[in-house]
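From a predicted model like this one, the values you see are computed outputs, not experimental measurements. Below, chains carry the letters A, B, ... as their sequence lines are ordered, and counting in each starts from 1.
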Amino acid sequence: MIASMRRFVETCEAVSATTKKTEKVRLVSKCLRSLPVDDAARAAIFFAGHAFPRWEERTLAVGGSLIWQALEALSGLPPERLSQTYRRYGDAGGMAEEVLSSDNPGGELTLRDVAATFENLAALRGSTQKLEAFKQLLRRASPGEAKYIIKIVTGDLRIGLKENLVEEAIAQTFLRPLDLVRRANMITADVGATFRLAAADDLAAARLRLFHPIGFMLATPAETPAEVFESFPADALVEDKYDGIRAQAHKSGRTVKLFSRTMDELLEFPELFEGLAALPGEFILDGEILAWRDAHPLPFRELQRRLGRKHSDMWLLLDIPVNFVAFDLLYQDGDLLLDTPLRERQRRLEQLLGPAPGAHFQLAGSQRCQTVEELRETFENAILRGQEGLMAKEPGSPSPLSTSS
DNA sequence: ACTGATGCGTC
DNA sequence: GTCGGAC
DNA sequence: GTCCGACGACGCATCAGT
């Protein structure tokens, strides 16, 4: 029985060796199929380049410097030699494979061991402790295993494999519809859990958990107004594109939580909670946090000064006021609205927020555009109002399109 | 107690 | 966030 | 068109070293 980490590494190497997406998917699928469910679920997360499920906020806090120190210690090579090797690969993982002793056969490491060490690393405090634990893990690994451990730690495998393709591999493994897999992965934000659901033929049962962020719809840029209408033959719903921080607001009872695009909880904007908590029912809003003073948006730089703080500073809170601009409703009172037409979601959103928005939140004004001229004029107005551009959406579908020129 | 390096997260 | 490249 | 990889600017917190 081949140890699961070795199996994972062999698959990564094979995936790296081909540029064909279908082949990558086939290889990943083959690997997932060959592993026990628990290990396959871990592998799915690692294939996506994550140490933990996406919805988790834990980080390893092991970066380039610590990796460098570990490799220096374990290889016994002088820094110049390491630099040389690094330059050749441009990748700490590749460097590790070359400089670590090939006497070490490894092969005993399981995906479970690696996952456990990640847990430990996340829990340890201080770089000294982390360095020790990290070195210990690498000592147990073959050079090839070390390569991919480091790639996971840096958050990017760089083998032309992303979570999208892992979803495809899961669908292929169990012959499930790709749509269902993507949907489950969006709801759970955990490609390992998605794997388990697919294995159990239970994808449709993927349940949304309030206060666990779900996947964000990202926009794609468009150069010209004409491009927008190529995508939306009929007409387009158009909103300002705000230069702020994308956020998901979850609310139930009096509890409100905000999540950023990387699914971290945003705790820096307490003044937004009151107004949202006062709204009726349970819901998830998609929106943007804006620095906003005297009816105008402030530069992003200002907003950034409020980010990342552990303790909110009263002065700063008054100095840089913020608003939550809601532009979509993803869930309401038991109904997941991802497949509901935008028109209907907006109707419910307007009804939810009511005619008099609160002090710190507002509804994104949307307007219908039917001609290129109309769109161009709206765009220019948006820029004049200090916005970044426009978001254009099709009334029937959930995927947005933004214009930037 | 201070400072610089490091990691992380926002766009 | 942007950009360019591979498919 | 879609996906992926490589890249930059900025600001904050934490820790190591002084």
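Between A/E13 and A/K147 there is a salt bridge, with a side-chain nitrogen of the basic residue lying less than 4.0 Å from a carboxylate oxygen of the acidic one. Classification of A/D38 and A/R112 as a salt-bridged pair fails, no side-chain N sitting under 4.0 Å from a carboxylate O. Between A/R182 and A/E167 there is a salt bridge, with a side-chain nitrogen of the basic residue lying less than 4.0 Å from a carboxylate oxygen of the acidic one. Using a cutoff of 4.0 Å between basic side-chain nitrogens and carboxylate oxygens, A/D240 and A/R385 are scored as salt-bridged.
Ring-plane geometry between A/F47 and A/F8 is classed as tilted, the angle between the planes lying from 30 to 60 degrees on a 0 to 90 degree scale.
The side chain of A/R301 lies closest to D/dG11 when the candidates are D/dA13, D/dG11, D/dA16. The side chain of A/R309 approaches D/dA13 more closely than any other nucleotide in the set D/dG5, C/dG1, D/dA13. Of the candidates D/dT14, D/dC4, D/dC10, the closest approach to any side-chain atom of A/Q304 belongs to D/dC10.
Protein atom CD of A/E23 is 18 Å distant from nucleotide atom C1' of D/dC3, rounded to whole Å. Rounded to an integer number of Å, the gap from CD of A/Q69 to P of D/dA16 is 10 Å. The nearest whole Å value for the distance from the CG atom in A/L303 to the P atom in D/dC12 is 12 Å. Atom CZ of A/F300 and atom P of D/dG8 are 18 Å apart (whole Å). Rounded to a whole Å, the CG atom of A/L178 is 14 Å from the C1' atom of D/dC3. Rounded to whole Å, the distance from CG on A/D264 to P on D/dG11 is 20 Å. Rounded to an integer number of Å, the gap from CG of A/L124 to P of D/dC15 is 12 Å. For A/L157 and D/dG5, the CG to P distance is 9 Å, given to the nearest whole Å.
The environment of A/R33 atom CZ is dense: over 12 non-hydrogen atoms of other residues, nucleotides or ligands sit within 6.0 angstrom.
A close approach under 4.0 Å does not occur between any side-chain nitrogen or oxygen of A/N164 and OP1 or OP2 of D/dT2. Look at A/T128 and you'll find a side-chain N or O under 4.0 angstrom from OP1 or OP2 of D/dA16. Within the 4.0 Å cut-off from OP1 or OP2 of D/dA16, at least one side-chain nitrogen or oxygen of A/S127 is found. Phosphate proximity of C/dG1 to A/R261: present, with a side-chain N or O under 4.0 Å from OP1 or OP2. In this structure, A/K21 does not reach the D/dC3 phosphate: none of its side-chain N or O atoms is under 4.0 Å from OP1 or OP2. A sub-4.0 Å separation between OP1 or OP2 of D/dC4 and a side-chain N or O of A/K24 is absent.
When DNA chain B is scanned 5' to 3' for any atom under 4.0 Å from a heavy atom of chain A, the first and last hits are B/dT6 to B/dC11.
Among the atoms of the strands shown, only primed sugar atoms or phosphate atoms (P, OP1, OP2) are found under 4.0 Å from some heavy atom of A/L165. Among the atoms of the strands shown, only primed sugar atoms or phosphate atoms (P, OP1, OP2) are found under 4.0 Å from some heavy atom of A/G64. Among the protein residues, A/I159 comes within range of the sugar-phosphate backbone only, with heavy atoms under 4.0 Å from sugar or phosphate atoms but none that close to a base.
Ring pair A/H360/A/F324: centre-to-centre distance not below 6.0 Å. Side-chain rings of A/F52 and A/F46 stay apart, their centers remaining 6.0 Å or farther from each other.
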When you compare the protein's N or O atoms with those of nucleotides 4-7 of chain C, which come within less than 3.5 Å of each other, and at what distance?
residue : atom : partner : partner atom : Å
C/dC7   : OP1  : A/T19   : OG1          : 3.0

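No donor-acceptor contact under 3.5 angstrom links the side chains of A/Y242 and A/Q387, judged on distance only. Neither side chain, A/N104 nor A/R140, offers a donor N or O lying under 3.5 Å from an acceptor on the other.
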